[in-house]
Amino acid sequence: MILVLLDVDRDALDPVSLQVLTLSRGLDPDVQAVVAGDASVAAEAAAHGAGVVHVAEHPGLTDYAPRATAKAVVQLIASLSPAAVLAGGTPRGNEVMAHVAAFLDAPLATDCTSITMGAPFEVTRARWGGNLLEESSVTASMLLATIQPHAVAAEPSAAAGTVQAFTADLDDADLAVRIVERTGAAATGVTLAEARVVVSGGRGMGGSEPFAMLDDLAALLGGTVGCSRVVTSEGWRPHSEQVGQTGTKVAPDLYVACGISGATQHLAGCKNSKMIVAINTDGQAPIMQIADYAVVGDVHAFLPLLLAQARAASAG
Amino acid sequence: MEILVCIKRVPMVGAALILTDDGTELDTRRLGFQLSPHEENAVEAAVQLVEKHGGSVTLLAMGTAESEEQLREQLAIGADRAIIALTDGSEPDPQATAAGLLEAIRADGAPFDLVLLGSESADVAGYQTGIRLAHALGLPVVTNVKGLSITDGVARCERAVGSEREVYEVPLPAVITVRDGLNIPRYPSVPGRIKARKKPVTTHEVTIGAPRIVKHRLVVPPATAKGTTVLEPNAEGAAALVEAFREIGVLS
Ligand SMILES: Cc1cc2nc3c(=O)[nH]c(=O)nc-3n(C[C@H](O)[C@H](O)[C@H](O)COP(=O)(O)OP(=O)(O)OC[C@H]3O[C@@H](n4cnc5c(N)ncnc54)[C@H](O)[C@@H]3O)c2cc1C
Ligand SMILES: Nc1ncnc2c1ncn2[C@@H]1O[C@H](COP(=O)(O)O)[C@@H](O)[C@H]1O
């Protein structure tokens with residue numbers, strides 16, 4: 001049996017959890033799920049193959065509490081003895097699973113792209129933001145792993161999804177760290193992670209003012225602005241716009257890279273874009289090699305031309 | 001406030017990742033080394049906290065003696081002393097990493113109010129050393145932190161989720177793992193570099209247990225070769241792009 005930890009935030013199931021359920025069905029016909037405190041997502045999990053959805057109950061489990069969730073999962077593991085416990089390679093999935101691994105003093109393979117059951121378990125996992133894959137074996141009686149987002153596509157498969165509540169035995173230390181407050185508005189407009197078009201600038205933009213051209217182009221194309229790490233380090237744009245290994249990962253229909261060299265850590269965040277347009281004075285820059293359209297030239301001279309034509313096209 | 005920051009020396013990879021002939025390691029012969037961004041933010045946060053609240057910053061790096069290069073670099077921005085948890089250079093798995101760091105902390109003996117790490121290392125990206133260390137030290141841990149302030153011995157930690165921020169509060173002593181974007185790390189000054197040469201760096205040898213995650217080989221994912229259309233930076237080039245934008249339906 002494979003136990004899948006569901007990533008739930010205020011009644012909403014993270015889509016990566018459905019991908020993990022799908023991948024798990026390929027490893028073992030018996031897939032069950034566990035969630036802390038919140039049974040609202042049971043039907044959705046059942047539609048993706050969860051035969052049983054175990055719900056950990058405790059008065060303290062009112063909002064996300066990583067160590068408490070892990071403690072509950074550890075207690076469930078003791079009664080179910082699954083062959084593997086899997087979660088999405090999301091901030092919460094990785095966090096709760098690391099707590100589970102620490103409680104059990106067991107190995108944890110994060111960000112896996114494939115898993116083969118056996119003794120030992122064989123996994124392929126992402127390193128360097130996915131620019132490198134590692135093939136490893138994991139020596140353990142039960143596999144603990146997280147799955148890289150989009151490693152598989154979610155496919156529905158109806159299962160019973162019987163809800164089984166269990167009482168988690170938690171102490172103060174388990175509940176010491178939990179969300180006490182949320183600040184900042186929920187997203188309005190197009191968010192970077194979900195935008196269909198991302199227009200990004202790098203060091204080659206030369207400063208914050210020329211980004212006005214990127215704002216304009218993004219607005220015309222119904223997209224949003226991104227940037228490289230150099231740009232956030234220089235303070236030209238906020239870190240929330242950074243694309244890459246330590247920023248946001250994007251996969252839009254169109255990615256326009258202006259004055260960006262295409263370091264591996266930047267590409268880690270944008271190489272899954274459907275179409276890449278790069279504008280760069282250096283025809284040999286790495287971004288130019290992976291671009292669908294490479295404009296060899298100065299952004300300051302070319303962007304006004306492009307903007308004028310795009311404006312004319314959308315007005316005409 | 002006594003702060004410990006765990007930092008790791010990692011190769012500075014450029015546009016391409018080149019592997020050794022046996023495919024088990026990155027070929028680092030032509031590469032420089034650096035800290036992962038998250039850990040630069042961790043050191044910057046520690047230095048800022050000590051500037052505000054007093055105390056001292058200790059750095060801890062597990063690896064070969066060459067880690068001293070990265071430690072001196074960070075001593076130059078204001079940390080006070082450093083520890084090398086010296087290994088034979090073989091790559092530990094995450095459990096062994098946390099065990100080695102713990103061994104060095106115990107050997108050093110100094111108590112810390114705050115232990116900072118990166119949320120994940122640039123190379124291995126295990127997402128777990130901080131949490132394992134916190135369990136071993138019997139301390140609470142908040143991860144992925146992009147906003148941090150300390151008032152009356154309580155750390156207020158913010159985590160960015162979309163455009164929202166989740167707030168966690170944890171009393172010290174605690175372990176906190178941080179992310180790029182927490183702050184803008186400063187560059188070392190010339191006087192900072194001169195002072196750093198005299199700051200103490202101590203070494204503790206640590207033994208690394210047999211890994212339970214055994215790496216067989218590394219693979220560079222195949223690049224999807226696509227035909228690149230090269231355009232001139234002129235009106236024709238712009239027209240070709242506008243046409244392409246229309247074809248994929250992002251411009252009406
Ligand atoms: C662990 C780790 C994680 C990282 N995470 C990220 C991340 O999340 N995101 C990220 O972006 N980076 C990240 N980096 C940094 C990354 O390695 C690069 O340093 C960074 O992406 C480079 O930014 P850039 O392309 O803007 O600058 P540069 O590499 O300096 O490139 C500037 C480019 O602009 C071109 N140019 C200059 N002038 C013009 C002009 N007038 N017109 C047109 N082109 C011009 C140049 O030819 C060059 O190609 C990370 C690094 C590490 C070590
Ligand atoms: N060898 C090491 N020496 C010091 N700190 C480390 C080492 N390995 C990992 N860390 C710390 O643990 C964090 C998370 O690493 P990881 O669990 O590998 O993703 C890193 O950002 C570092 O702060």
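Excluded from the calculations below are hydrogen atoms, water molecules and symmetry mates; all remaining heavy atoms, backbone and side chain alike, are included. Each chain gets a letter, A, B and so on, in the order its sequence line appears, and its residues count up from 1.
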Check whether [X] gets within reach of chain B through its side chain, its backbone, both or neither, counting any heavy atom under 4.5 Å.
X	answer
Val197(A)	side chain
Thr246(A)	both
Ala173(A)	neither
Phe103(A)	both
Asp174(A)	neither
Arg182(A)	both
Val277(A)	side chain
Ala106(A)	backbone
Gln265(A)	side chain
Asn131(A)	both
Ala126(A)	backbone
Ala310(A)	both

Rounded distance [0.5 Å steps], [atom1] in [X] versus [atom2] in [Y]:
X	Y	atom1	atom2	answer
Ser252(B)	Leu221(A)	OG	CG	10.0 Å
Asp9(A)	Glu164(B)	CG	CD	7.5 Å
Glu181(A)	Arg156(B)	CD	CZ	4.5 Å
Glu122(A)	His216(B)	CD	NE2	4.5 Å

Inset, instruction - With a 4.5 angstrom heavy-atom cut-off, could you sort out which part of Val170(B) is near chain A: side chain, backbone, both or neither? - result: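 The side chain, not the backbone.
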Legend entry - chain A contact via Arg179(B) - side chain, backbone, both or neither, heavy atoms under 4.5 Å: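 For Arg179(B), the side chain is the part near chain A, not the backbone.
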Only pairs under 3.5 Å count here: list side-chain donor-acceptor contacts from residues 232-249 of chain B, not counting sequence neighbours, and write none if there are none.
{"residue": "Asn234(B)", "atom": "OD1", "partner": "Glu236(B)", "partner atom": "N", "Å": "3.2"}
{"residue": "Asn234(B)", "atom": "OD1", "partner": "Gly237(B)", "partner atom": "N", "Å": "3.0"}
{"residue": "Arg246(B)", "atom": "NH2", "partner": "Ala313(A)", "partner atom": "O", "Å": "3.2"}

What option among [options] has the most heavy-atom pairs under 4.5 Å with chain B?
options	value
Gly247(A), Pro120(A), Ala102(A)	Ala102(A)
Pro66(A), Ala176(A), Ala101(A)	Ala101(A)
Leu254(A), Asp253(A), Thr248(A)	Leu254(A)
Gly297(A), Ser233(A), Pro107(A)	Pro107(A)
Arg229(A), His266(A), Met275(A)	Arg229(A)
Lys274(A), Met288(A), Arg125(A), Gln242(A)	Arg125(A)

Are side-chain heavy atoms of [X] and [Y] found at a separation under 4.5 Å?
X	Y	answer
Asn94(A)	Glu120(B)	no
Val10(B)	Trp128(A)	yes
Ile179(A)	Tyr168(B)	yes
His99(A)	Val141(B)	yes
Tyr127(B)	Leu108(A)	no
His239(A)	Ile184(B)	no

Legend entry - CG (Asp171(A)) with more than 12 external heavy atoms under 6.0 Å: yes
Inset, instruction - Please check if atom CG in Asp21(B) has more than 12 non-hydrogen atoms from other residues, nucleotides or ligands closer than 6.0 Å. - result: no
Legend entry - Top contributor to chain A contacts, counting heavy-atom pairs under 4.5 Å, from Ala122(B), Gly126(B), Ser119(B), Pro140(B):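 Sorted descending by pairs with chain A, the first entry is Ala122(B).
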Legend entry - Which of Thr177(B), Thr143(B), Val161(B) touches chain A most, by non-hydrogen pairs under 4.5 Å: Thr143(B)
Legend entry - residues 24-38 of chain B: residues contacting chain A (heavy atom under 4.5 Å, by number):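 The list, in residue order, reads Leu26(B), Pro37(B), His38(B).
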Legend entry - Working for side chain to side chain contact (heavy atoms under 4.5 Å, CB included), residues Leu133(A) and Leu218(B): CA-CA 6 Å; Leu133(A) 296 173; Leu218(B) 298 175; over 6 Å; no
To check you understand the geometry: which heavy-atom pair defines the closest contact between [X] and [Y], and what is its length?
X	Y	result
Ala291(A)	Thr228(B)	O-OG1, 2.7 Å
Asp123(B)	Arg127(A)	O-CB, 3.2 Å
Arg212(B)	Asp105(A)	NH1-O, 3.2 Å

Inset, instruction - With side chain to side chain contact (heavy atoms under 4.5 Å, CB included) as the test, would you mind laying out the steps for Ile131(B) and Met97(A) before giving the verdict? - result: CA-CA 10 Å; Ile131(B) 292 172; Met97(A) 290 300 285; over 6 Å; no
Inset, instruction - Establish, from distance only, whether the side-chain atoms of Glu95(A) and Asn144(B) form a donor-acceptor pair under 3.5 Å. - result: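 There is no such pair (donor and acceptor under 3.5 Å, judged by atom type) between the side chains of Glu95(A) and Asn144(B).
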Inset, instruction - Check for a donor-acceptor pair, side chain of Thr110(A) on one end and backbone N or O of Ala125(B) on the other, with a separation under 3.5 Å. - result: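 Answer holds: yes.
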Inset, instruction - Indicate yes or no for a side-chain donor-acceptor contact from Glu134(A) to the backbone of Lys215(B) under 3.5 Å, with no hydrogens or angles considered. - result: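 Side chain of Glu134(A) to backbone of Lys215(B), a donor-acceptor pair under 3.5 Å: no, none is there.
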